[in-house]
Chemist: 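Pasting a structure below so you can have a look.
Naming: A, B, ... by sequence-line order, numbering from 1 per chain.
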Protein chains: 2
Amino acid sequence: MQQQNTPTFGIGTLAQRAGCQVQTVRYYEKIGLLPDATRNAGNQRRYHDATLRRLTFIRHARDFGFSVEAVRELLGMADHPDMPCDHADAIARRHLEEVEARLERLGALRDELQRMVAQCAGGRVDECRIVEVLSDHDQCLHTAAHGGQRAIR
Amino acid sequence: MQQQNTPTFGIGTLAQRAGCQVQTVRYYEKIGLLPDATRNAGNQRRYHDATLRRLTFIRHARDFGFSVEAVRELLGMADHPDMPCDHADAIARRHLEEVEARLERLGALRDELQRMVAQCAGGRVDECRIVEVLSDHDQCLHTAAHGGQRAIR
DNA sequence: ATTGAACCTATAGTGGCTTTAGGTCCTATG
DNA sequence: CATAGGACCTAAAGCCACTATAGGTTCAAT
């Protein structure tokens, strides 16, 4: 290991270089995405570039919308370059499918909202199309599976 | 009030008719979206149709993706039919804008994921396009505003 | 009288952080 | 060398909108 020789830096610098917050770094350490940092004499965390690369990987994966658990698996794979990448592929494909499903529901929601907003004439509440649609039993969204899982994401 | 004369029913029936869970009803009561229910001799909640209508309104608004706070405002307006509906309109328009913004980011994310997945040849991890994209500093998403708010929704 | 479903309250857990409170350490200046 | 103030430390609570769990009470049918 030549890590002993590389320059080290504090958590603030690390966070800034990775484009995230200091508390987030500590959080990732706590949940085990980042290894327990070495400390200086005053108990402050010291990092080298290897950790910056790992944190950058994490942030990229999170930017792509992968869950922390998926990131954990992807990191595990990145740590073993000689293994086959089927599983990374499967994780990415599944995530893509989820994103596509969300896109579809969100698109339908946009259409409904557009219709709703377009029909509001701007008068009194009791003539308001928005309040009316929300009140009406039979004006259900086809996107909303009643009794299934809720919340469009 | 003819509420004294209308038949009443329990929380299970209410939840079932509104298509939500019993705990959710109690939660809405606790946060003040639903009024404190009247109780029978054995301390169990008794409801009439007015509450069912209110709960249905809430569930519809939530299905449309309005936040609980937005629902609270919309309910307040629905309670005053003689007031102008500008504010309901504004809330709906703003929500529509947010949905459109999310759609855009999610669409860009789908494109990136599709590219990523398409380029994975299925070999070893160190040749894997997925791991590579996540590792690479310069392969940033244009959708991800580093330093801004995170998480694509 | 008994059974079992439906109800009750209070509390904790979800995800992925962010915020707060109350302290300690480091570094630059006087 | 003292001091100021910024960066760092931990632990715990807060966010959203519920959902789940534990441990008890009430209701309706037999």
Side-chain angles (χ1 to χ4, degrees), chain A residues 8-34 36-47 55 58-75 95 98 102 144-153, chain B residues 8-34 36-47 55 58-72 74-75 95 98 102 144 146-153:
Chain A
T8 68
F9 39 86
I11 195 170
T13 307
L14 176 71
Q16 200 192 343
R17 289 196 193 162
C20 75
Q21 293 206 263
V22 165
Q23 306 97 292
T24 307
V25 177
R26 288 196 278 250
Y27 172 71
Y28 286 159
E29 181 183 307
K30 193 162 69 170
I31 64 171
L33 284 193
L34 291 176
D36 285 5
T38 53
R39 307 290 183 119
N40 69 3
N43 198 36
Q44 300 193 350
R45 291 168 180 85
R46 295 281 111 188
Y47 297 101
L55 179 55
I58 296 169
R59 296 308 330 186
H60 283 176
R62 294 286 303 124
D63 283 342
F64 272 98
F66 289 103
S67 72
V68 162
E69 285 319 300
V71 175
R72 204 186 293 277
E73 291 197 72
L74 289 168
L75 276 171
H95 183 46
E98 284 164 9
R102 262 194 279 167
H146 270 276
Q149 110 278 24
R150 318 198 39 80
I152 294 144
R153 254 179 275 154
Chain B
T8 67
F9 39 86
I11 195 169
T13 307
L14 176 71
Q16 200 192 342
R17 288 195 193 163
C20 75
Q21 293 206 264
V22 165
Q23 305 99 293
T24 307
V25 177
R26 289 196 277 250
Y27 171 71
Y28 287 160
E29 180 183 308
K30 193 162 69 170
I31 65 171
L33 284 193
L34 291 176
D36 285 5
T38 53
R39 306 289 182 122
N40 68 4
N43 197 36
Q44 300 193 350
R45 291 168 179 86
R46 294 281 110 188
Y47 296 101
L55 178 54
I58 296 170
R59 295 309 328 185
H60 283 176
R62 294 286 303 123
D63 283 342
F64 273 99
F66 289 103
S67 73
V68 162
E69 284 319 299
V71 175
R72 204 186 292 277
L74 290 168
L75 275 171
H95 183 46
E98 285 165 7
R102 262 195 279 167
H146 269 275
Q149 110 279 24
R150 319 198 36 80
I152 294 145
R153 253 181 277 153

Chemist: Between B:Lys30 and B:Thr13, which has a closest nucleotide on DNA chain C that is more 5'?
Modeler: B:Thr13
Chemist: Just to verify, what does A:Gln23 make a side chain to side chain donor-acceptor pair (under 3.5 Å) with, not counting sequence neighbours?
Modeler: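 In terms of side chain to side chain donor-acceptor pair (under 3.5 Å), with neighbours along the sequence ignored, A:Gln23 is linked to no residue.
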Chemist: Ignoring the backbone of B:Val22, work out which of C:dC17, D:dC18, C:dC7 is nearest its side chain.
Modeler: C:dC7
Chemist: According to a strict under-4.0 Å criterion, is A:Arg45 in side-chain N/O contact with OP1 or OP2 of D:dC9?
Modeler: yes
Chemist: Could you tell me the separation between the CZ atom of B:Arg39 and the P atom of D:dC27, rounded to a whole number of Å?
Modeler: 12 Å
Chemist: When the distance from CZ of A:Phe9 to P of D:dC8 is rounded to whole Å, what number comes out?
Modeler: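 Checked: the CZ to P distance equals 12 Å.
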Chemist: Verify the contact: side-chain N or O of B:Arg62 to OP1 or OP2 of D:dC18, cut-off strictly under 4.0 Å; return yes or no.
Modeler: yes
Chemist: Base, sugar-phosphate alone, or nothing: which one does B:Ile11 contact when heavy atoms must sit under 4.0 Å apart?
Modeler: sugar-phosphate
Chemist: Are OP1 or OP2 of D:dT19 and a side-chain N or O of B:Thr24 less than 4.0 angstrom apart?
Modeler: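 Answer yes for this pair, as a side-chain N or O of B:Thr24 is under 4.0 Å from OP1 or OP2.
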Chemist: A side-chain contact here means heavy atoms from C-beta on lying under 4.5 Å apart; do B:Tyr27 and B:Gln21 qualify?
Modeler: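 Of all side-chain heavy-atom pairs linking B:Gln21 with B:Tyr27, none is under 4.5 Å.
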Chemist: Could you give the CD1-to-C1' distance, from B:Ile31 to D:dC15, as a whole number of Å?
Modeler: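 Taking atom C1' of D:dC15 as the reference, CD1 of B:Ile31 is at 13 Å.
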Chemist: Set out, line by line, the N/O atom pairs under 3.5 Å between protein and nucleotides 28-30 of chain D.
Modeler:
none

Chemist: What's the CG-P distance between B:Leu34 and D:dA17, to the nearest Å?
Modeler: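 Rounding to the nearest Å, CG of B:Leu34 and P of D:dA17 are 15 Å apart.
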Chemist: Among residues 65-75 of chain A, which residues get a heavy atom nearer than 4.0 Å to DNA chain C?
Modeler: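 When residues 65-75 of chain A is checked for heavy atoms under 4.0 Å from DNA chain C, the hits, listed by number, are A:Ser67, A:Val68.
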Chemist: Starting at atom CZ of A:Arg26, determine the distance to atom P of C:dT18, rounded to an integer number of angstrom.
Modeler: 12 Å
Chemist: Report yes if a side-chain nitrogen or oxygen of A:Tyr28 is closer than 4.0 Å to either non-bridging phosphate oxygen (OP1 or OP2) of C:dC17; otherwise report no.
Modeler: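 The answer is yes; a side-chain N or O of A:Tyr28 sits under 4.0 Å from OP1 or OP2.
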Chemist: Is the backbone N or O of A:Phe64 less than 3.5 Å from a side-chain atom of A:His95, with the two atoms forming a donor-acceptor pair by type?
Modeler: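 Yes.
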Chemist: Among residues at least two apart in sequence or on other chains, which ones pass side chain to side chain donor-acceptor pair (under 3.5 Å) with B:Arg72?
Modeler: B:Glu69
Chemist: Can you name the nearest heavy-atom pair linking B:Val25 to B:Ala15, along with the distance?
Modeler: CG2-CB, 4.1 Å
Chemist: Throw together a table of side-chain donor-acceptor distances under 3.5 angstrom for residues 36-44 of chain A, partners on residues two or more places apart or in other chains.
Modeler:
residue	atom	partner	partner atom	Å
A:Thr38	OG1	A:Arg46	O	3.3
A:Arg39	NH1	A:Asn43	O	2.8
A:Asn40	OD1	A:Gly42	N	3.0
A:Asn40	OD1	A:Asn43	N	3.2
A:Asn40	OD1	A:Gln44	N	2.8

Chemist: I'd like to check the side-chain contact (heavy atoms from CB on, under 4.5 Å) partners of B:Val71; sequence neighbours left out, ordered by chain and number.
Modeler: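 side-chain contact (heavy atoms from CB on, under 4.5 Å) list for B:Val71, sorted by chain: B:Leu33, B:Ile58, B:Ala61, B:Arg62, B:Phe66, B:Leu75.
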Chemist: Dump the pairs, protein N or O against N or O of nucleotides 20-26 of chain C, anything under 3.5 Å, distances to one decimal.
Modeler:
residue	atom	partner	partner atom	Å
C:dC26	OP1	A:Gly42	N	3.1

Chemist: To the nearest Å, how far apart are B:Gln21 CD and C:dC7 C1'?
Modeler: 15 Å
Chemist: What is the distance, rounded to the nearest whole Å, between atom CG of A:Leu14 and atom P of D:dC8?
Modeler: 10 Å
Chemist: Rounded to whole Å, please give me the gap between OH in A:Tyr47 and C1' in D:dC8.
Modeler: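 These atoms are roughly 11 Å apart.
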Chemist: Tell me every residue that passes side chain to side chain donor-acceptor pair (under 3.5 Å) with A:Glu73, counting only those two or more places apart in sequence or in another chain.
Modeler: A:His87
Chemist: Within a radius of less than 6.0 Å around CD of A:Glu98, do more than 12 heavy atoms belonging to other residues, nucleotides or ligands occur?
Modeler: yes
Chemist: Who pairs with A:Glu29 by side chain to side chain donor-acceptor pair (under 3.5 Å), at least two apart in sequence or on another chain?
Modeler: A:Arg45
Chemist: Is B:Leu14 close to B:Phe9 at the side-chain level, that is, under 4.5 Å between some pair of heavy atoms?
Modeler: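 In contact.
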Chemist: Will you find, in the side chains of A:Tyr28 and A:Arg59, an N or O donor that is under 3.5 Å from an N or O acceptor?
Modeler: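 Present: a donor and an acceptor within the cut-off.
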